[in-house]
Student: 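Below you'll find the structure I mean.
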Amino acid sequence: MRYSTTFIPTLKEVPSEAQIPSHQLMIRAGMARSLASGVYSFLPLGYAVVKKVMQILREEMDAIGGQEFHLPALNPIEIWEQTGRVAEMDDVLFHIKNREGLVLAPTHEEIIAYHARQHIKSYKDLPQIWYQIQTKFRNEPRPRSGVLRGRQFVMKDSYTLDATPEGLDAGYEKHRLAYERIFTRCGLNFFSVGASSGAMGGSGSQEFMVESDHGEDTCALAEDNSYAANIEVATSWTPPIERVPGDDAIEKFATPAAKTINDLIEKHGIPEERCAKSVVYIAGGEPLLILMCGNDELNEEKLARALDTTQFRPAEENELLANTGAHGGSIGPIGLKNPKMRVIADLRLKGVNGLVSGANEDGQHYRNIDLERDATIESWHDLRVVREGERVGGPDGPRLRVVRAIEIGHIFKLGTKYSKALNAVFLDENGREHPIIMGSYGIGVERIVACFIEQNHDELGIRWNAALTPYDVQIVGMNTKKSETVRAACEELEAELQAAGLKVLYDDRPASPGVKFKDADLLGFPVQLVVGDKNLDNGQVEVKSRKTGERELTARENALEAVRKLLAAS
RNA sequence: CGGGGUGUAGCGUAGUCCGGUUAGCGCGCCUGCUUUGGGAGCAGGAAGCCGCAGGUUCGAAUCCUGCCACCCCGACCA
């Protein structure tokens with residue numbers, strides 16, 4: 001391909017709307033343009049990369065027995081109503097306005113279950129692995145970071161249909177391994193974490209993550225990589241809190257200026273682990289007191305699992321006062337104004353005495369609290385958010401790092417939520433009817449592209465690897481306007497490299513060398529082949545690795561070999 | 001949805017507080033000449049409903065009202 005005939009609109013300056021490197025570079029390198037908030041047009045160069053990712057996805061999905069579908073984005077709303085997801089997804093689901101009864105599909109569990117119901121009748125029809133690479137629509141409240149969170153995006157989604165839980169486990173494992181191969185082939189530095197299934201439902205799930213300050217998720221990683229989990233489910237080892245000797249009765253004392261745990265520590269000399277922090281929520285319409293140790297932060301995802309509902313929220317100031325008798329800062333488990341108030345506590349506090357907590361009277365706290373003796377704790381749960389530096393497994397375990405991350409893939413053991421709702425059933429060997437057991441697996445295609453750029457760029461531009469690069473090599477012709485020698489050599493090399501199966505972009509523009517070099521570095525194909533009169537006089541051309549920045553002269557007849565070598569090393 | 005910010009030529013921006021030339025600059029674009037190993041030089045040129053609508057005023061990019069769009073933080077996120 002000749003550069004002079006392509007549409008690769010590069011930009012020298014950073015567009016003001018782009019804040020993160022991948023977004024800036026996708027715009028600057030002429031890969032994509034924004035059309036509306038969260039909606040991007042992919043230009044030829046960007047789409048070439050997307051197609052390479054899709055090819056890898058297809059190869060690996062086919063390799064585990066996946067069968068490719070192409071399901072519609074326009075869906076009848078009835079099907080979505082049957083699974084309850086019209087209400088569940090609420091505003092995220094796009095509704096068609098001028099044709100009643102249609103929505104834009106944000107994912108395809110429903111449609112898969114619908115077709116399974118039509119034709120999967122027997123255990124003999126199972127298992128199945130169905131997948132597609134297709135555009136999804138989600139009315140995200142806040143699109144951000146370029147293509148990382150869009151309202152329209154391409155997803156590889158696949159679904160396993162099984163007769164038994166063991167079958168689901170096998171299909172899930174196949175996907176887990178396929179995903180590792182996919183991300184490895186793409187050249188991503190990634191890790192996988194145990195995750196919360198969230199509103200998708202189901203029993204098990206894992207996320208594939210790329211560490212990035214621009215990620216929307218937070219993960220806890222052991223320093224030796226022996227443990228990795230989404231912060232929503234992450235646990236850590238904390239030193240046990242010893243019981244203090246004696247059996248002193250609780251005692252009220254004045255704490256006029258203590259509003260926070262830090263106030264108790266600093267103004268009253270109480271050790272952090274002897275403070276029981278009270279957090280009040282309204283769960284299912286009823287007030288709930290949650291006790292946390294010291295400054296531990298309540299993890300709402302863990303709370304949701306403990307309560308088996310997401311229907312809760314922090315109490316407001318007037319609700320605090322009405323139920324406890326005090327304002328925030330003086331609340332505790334003893335002497336609550338509302339005697340029916342439920343109290344749960346974090347596991348760290350189990351069996352601990354000598355605690356200080358609010359007396360439900362402004363400016364007053366109790367000391368010498370023994371939760372087992374003095375309070376009624378309905379249940380104990382792990383409810384805390386783990387912190388950077390805590391250990392995993394025990395006092396000698398590896399320390400945790402807490403990092404931001406971008407989710408590039410997610411695998412779920414769905415179970416029968418959708419098959420039950422849509423009556424997708426099969427008959428077993430004994431003629432008995434069962435709902436099909438489903439798994440659901442997703443990869444964000446544009447996110448792979450953006451994450452790759454996040455991990456592979458420098459101040460000059462992108463640094464593609466051989467797997468994802470839109471072109472293998474860029475021929476940079478020096479003074480192609482005047483020098484017929486250079487032009488002829490470039491054209492010969494272009495033909496030679498193309499004949500060898502390489503994808504070549506020949507920069508034949510009559511521009512100055514600086515412009516061509518800068519564009520070549522910005523586009524970032526793995527190899528640059530620089531052709532100029534000076535070196536041609538010696539029968540030589542220059543090859544440059546975008547990855548290392550190293551250049552070397554090579555005999556013109558060895559150019560193909562030199563390019564291949566650098567490409568392989570990219 | 002809450003908070004913050006920004007809308008001026010394809011891109012980046014000055015001017016806006018304090019109303020008053022023909023709305024300025026850099027990049028890019030077009031023409032010509034020169035130049036060609038790291039974003040060249042000279043000369044000439046095209047391109048702006050100053051986000052939209054209304055209002056105030058002799059006069060509005062600038063002041064007022066409403067709306068829209070985009071970005072950031074938060075909420076949300078299969």
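Since the model is a prediction, treat every value here as computed from it, not as a measurement. Residue numbers begin at 1 in each chain, while the letters A, B, ... track the order of the sequences.
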Student: Taking the C1' atom in each of rG7(B) and rU62(B), what is the distance between them to the nearest angstrom?
Tutor: 14 Å

Student: In the structure shown, which nucleotide is the Watson-Crick or G-U wobble counterpart of rU56(B), with both distances under 3.5 Å?
Tutor: none

Student: Which whole number of Å gives the distance between the C1' atom of rC64(B) and that of rG19(B)?
Tutor: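 Going atom to atom, C1' in each nucleotide, I get 13 Å.
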
Student: Test for a donor-acceptor pair under 3.5 Å between the base of rG37(B) and the side chain of E542(A), counting only N and O atoms.
Tutor: yes

Student: Counting side-chain heavy atoms from CB outward, which of rG39(B), rU36(B), rC70(B) is closest to S37(A)?
Tutor: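 Nearest to the side-chain atoms of S37(A), counting from C-beta on, is rC70(B).
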
Student: How would you label the contact of A36(A) with the nucleic acid (heavy atoms, under 4.0 Å): base, sugar-phosphate, or nothing?
Tutor: sugar-phosphate

Student: Write down the partner of rC77(B) under the Watson-Crick or G-U wobble criteria, each distance required to be under 3.5 Å.
Tutor: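 Its partner is none (no Watson-Crick or G-U wobble pair with both distances under 3.5 Å).
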
Student: Between D521(A) and G146(A), who's closer to the 5' end of RNA chain B by nearest nucleotide?
Tutor: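 First, find each residue's nearest nucleotide; the 5'-ward one identifies D521(A).
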
Student: Under a 3.5 Å cut-off for both contacts, is rC18(B) paired Watson-Crick or G-U wobble with anything, and if yes, with which nucleotide?
Tutor: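 When the pairing criteria are applied, nothing turns out to pair with rC18(B), so the answer is none.
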
Student: Base, sugar-phosphate, or nothing for V476(A), non-hydrogen atoms under 4.0 angstrom?
Tutor: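 Nothing: the residue V476(A), judged by heavy atoms under 4.0 Å, touches no strand.
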
Student: Among rG37(B), rU36(B), rC71(B), which nucleotide has an atom closest to any side-chain atom of K481(A)?
Tutor: rU36(B)

Student: Just by distance, do the side chain of K136(A) and the backbone of H108(A) share a donor-acceptor pair under 3.5 Å?
Tutor: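 The answer is no, because no donor-acceptor pair under 3.5 Å joins these two groups.
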
Student: Restricting to non-hydrogen atoms, name the atom on I64(A) and the atom on I129(A) that form the minimum distance, rounded to 0.1 Å.
Tutor: O-CD1, 3.2 Å

Student: C1' atom, rA61(B) versus rU22(B): distance in rounded Å?
Tutor: 15 Å

Student: Kindly say whether V402(A) contributes a backbone atom to a donor-acceptor pair with the side chain of E388(A) at under 3.5 angstrom?
Tutor: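 Looks like yes, one N/O pair under 3.5 Å.
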
Student: When rounded to the nearest Å, what value does the distance between C1' atoms of rC49(B) and rG45(B) take?
Tutor: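 These two C1' atoms come out 23 Å apart once rounded.
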
Student: Only pairs with both distances under 3.5 Å count, Watson-Crick or wobble alike; so what is the partner of rA61(B) in this structure?
Tutor: none

Student: Taking atom types as modelled and ignoring hydrogens, do the side chains of Q134(A) and H70(A) form a donor-acceptor contact shorter than 3.5 angstrom?
Tutor: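 Q134(A) vs H70(A): no donor-acceptor pair found between side chains.
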
Student: Determine the contact category for R28(A): base if any of its heavy atoms lies under 4.0 Å from a base atom, sugar-phosphate if only primed atoms, P, OP1 or OP2 are that close, otherwise nothing.
Tutor: base

Student: Specify the separation, in whole Å, of atom NZ of K12(A) and atom P of rG38(B).
Tutor: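 These atoms are roughly 15 Å apart.
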
Student: Which is more 5' along RNA chain B, the nucleotide nearest M155(A) or the one nearest P15(A)? Just name the residue.
Tutor: P15(A)

Student: When you check the phosphate oxygens OP1 and OP2 of rA75(B), does a side-chain N or O of R142(A) lie under 4.0 Å from one of them?
Tutor: no

Student: Which whole-number value in Å describes the distance from R149(A) CZ to rC71(B) C1'?
Tutor: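 Rounding to the nearest Å, CZ of R149(A) and C1' of rC71(B) are 16 Å apart.
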
Student: Could you tell me how far rU6(B) sits from rG12(B) if I compare only their P atoms? Round to whole Å.
Tutor: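 Between the two P atoms, the distance is 16 Å.
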
Student: What class does the angle between the rings of F137(A) and F94(A) fall in, given that below 30° is parallel, 30 to 60° is tilted and above 60° is perpendicular?
Tutor: perpendicular

Student: Grab the NZ-P distance between K534(A) and rU36(B) for me, whole Å please.
Tutor: 11 Å

Student: Which nucleotide in the list rC11(B), rC76(B), rC70(B) gets nearest to the side chain of L11(A)?
Tutor: rC11(B)

Student: Taking any strand in view, what nucleotide pairs with rC42(B) in a Watson-Crick or G-U wobble way, both distances under 3.5 Å?
Tutor: rG32(B)

Student: With a 3.5 angstrom cut-off on both distances, give the Watson-Crick or G-U wobble partner of rU6(B), or none if there isn't one.
Tutor: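 Paired with rA69(B).
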
Student: Do NZ/NE/NH1/NH2 and the carboxylate oxygens of D382(A) and K302(A) come within less than 4.0 Å?
Tutor: yes

Student: Would you please say whether a donor-acceptor pair under 3.5 Å links the side chains of H410(A) and E407(A)?
Tutor: yes

Student: Rounded to the nearest Å, what distance is computed from the CG atom of residue D91(A) to the C1' atom of nucleotide rC1(B)?
Tutor: 10 Å

Student: If you apply the rule side chain to side chain donor-acceptor pair (under 3.5 Å), what do you find for N456(A) with W464(A), and how did you get there?
Tutor: CA-CA 7 Å; N456(A) 297 278; W464(A) 291 114; over 6 Å; no

Student: Between Y441(A) and T160(A), is the side-chain contact (heavy atoms from CB on, under 4.5 Å) condition met? List the steps.
Tutor: CA-CA 8 Å; Y441(A) 316 86; T160(A) 51; 2.8 Å; yes

Student: Quick check on rG12(B): is either OP1 or OP2 less than 4.0 Å from any side-chain nitrogen or oxygen of S16(A)?
Tutor: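 Affirmative; the distance criterion is met.
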
Student: Determine the Euclidean distance between corresponding C1' atoms of rU8(B) and rG4(B); express it in Å to zero decimal places.
Tutor: 22 Å

Student: Determine the Euclidean distance between corresponding P atoms of rG74(B) and rC18(B); express it in Å to zero decimal places.
Tutor: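 Going atom to atom, P in each nucleotide, I get 34 Å.
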
Student: Please measure how far the C1' atom in rU16(B) lies from the corresponding atom in rC63(B), and state the result in whole Å.
Tutor: 10 Å

Student: Within the modelled atom types, does a donor on one side and an acceptor on the other bring the side chain of R551(A) and the base of rG38(B) under 3.5 Å apart?
Tutor: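 Indeed there is one.
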
Student: Touch check for T10(A), heavy atoms < 4.0 angstrom, all strands: base, sugar-phosphate only, or nothing?
Tutor: nothing

Student: Between rU36(B) and S512(A), is there an OP1 or OP2 to side-chain N/O distance shorter than 4.0 Å?
Tutor: no

Student: Is D217(A) touching bases, backbone alone, or none of the nucleic acid, heavy atoms closer than 4.0 Å?
Tutor: nothing

Student: Report the nucleotide, chosen from rG38(B), rG12(B), rG39(B), that has the shortest atom-to-atom distance to any side-chain atom of F517(A).
Tutor: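 Side chain of F517(A) sits closest to rG38(B).
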
Student: I'd like to know if N535(A) reaches the base of rG37(B) with its side chain, counting only an N/O donor and acceptor under 3.5 Å.
Tutor: yes

Student: CG of L93(A) versus P of rC76(B): gap in Å, rounded?
Tutor: 20 Å

Student: R144(A) has an atom CZ; how far is it from atom C1' of rC73(B), in whole Å?
Tutor: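 It is 9 Å, rounded to the nearest whole Å.
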
Student: Consider the side chain of V515(A), meaning its heavy atoms from C-beta on, and name the nucleotide among rG37(B), rC71(B), rG39(B) that approaches it most closely.
Tutor: rG39(B)

Student: Round to a whole Å and report the spacing from NZ of K482(A) to C1' of rU36(B).
Tutor: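 Roughly 8 Å, once rounded to whole Å.
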
Student: Look at the side chain of P513(A) and decide which nucleotide, out of rG39(B), rU36(B), rC11(B), has an atom nearest to it.
Tutor: rU36(B)

Student: How close or far is atom C1' of rG26(B) from atom CD of E13(A), stated in whole angstroms?
Tutor: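 Taking CD of E13(A) and C1' of rG26(B), I get 7 Å after rounding.
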
Student: So what's rC25(B) paired with, Watson-Crick or G-U wobble, going by both distances under 3.5 Å?
Tutor: rG12(B)

Student: Hey, does F153(A) reach any base, or is it just sugar-phosphate, or nothing, if we go heavy atoms under 4.0 Å?
Tutor: base

